[in-house]
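Only one structure is covered here, and it is reproduced in the block below.
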Amino acid sequence: MLKLDGGELLPLLFPEFMQHSHMAQSVPATVVSAGHVHLENGKIIARGASSSLDVLSREEDTGIIQAYFDGQSVVQQEL
């Protein structure tokens, strides 16, 4: 999950063969969480961590990612 300059949270999903640290270097944003996204019983679940960034996923990441897939285009703000 990235935090843009304006404070908006933006999920960045990419294939598992790519490293979190490489993706983080390629975008002008701050990493606030990282992990893996899975489908469990038809639901999106974000969990785990990034060893290359030493950052964990957060409970709210699942809901933020689901909102994007649901087409809500809701911009989440970091508190």
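Side chains are part of it too, since the values below use all heavy atoms of this structure and drop only hydrogens, waters and symmetry mates.
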Would you give the length of the straight line joining atom [atom1] of [X] to atom [atom2] of [Y], rounded to the nearest 0.5 angstrom?
X	Y	atom1	atom2	value
E16	H36	CD	NE2	6.0 Å
I65	L12	CD1	CG	10.0 Å
I44	L39	CD1	CG	6.0 Å

Could you tell me whether the side chain of H20 and the main chain of S51 form a donor-acceptor pair under 3.5 Å?
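Such a contact is absent between H20 side chain and S51 backbone.
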Ignoring hydrogens and geometry, is there a side-chain-to-backbone donor-acceptor pair from S52 to S21 under 3.5 Å?
yes
Could you please spell out the steps behind the side-chain contact (heavy atoms from CB on, under 4.5 Å) verdict for V31 and M23?
CA-CA 10 Å; V31 175; M23 294 303 295; over 6 Å; no
Is there a path of hydrophobic side-chain contacts, each under 4.5 Å between heavy atoms of I, L, V, M, F, W or Y residues, that connects [X] with [Y]?
X	Y	value
M1	L10	yes
M18	V55	yes
V32	V37	yes
L13	L4	yes
I64	I45	no

Indicate the atoms forming the closest heavy-atom contact of S57 with S33, along with that distance.
CA-CB, 4.0 Å
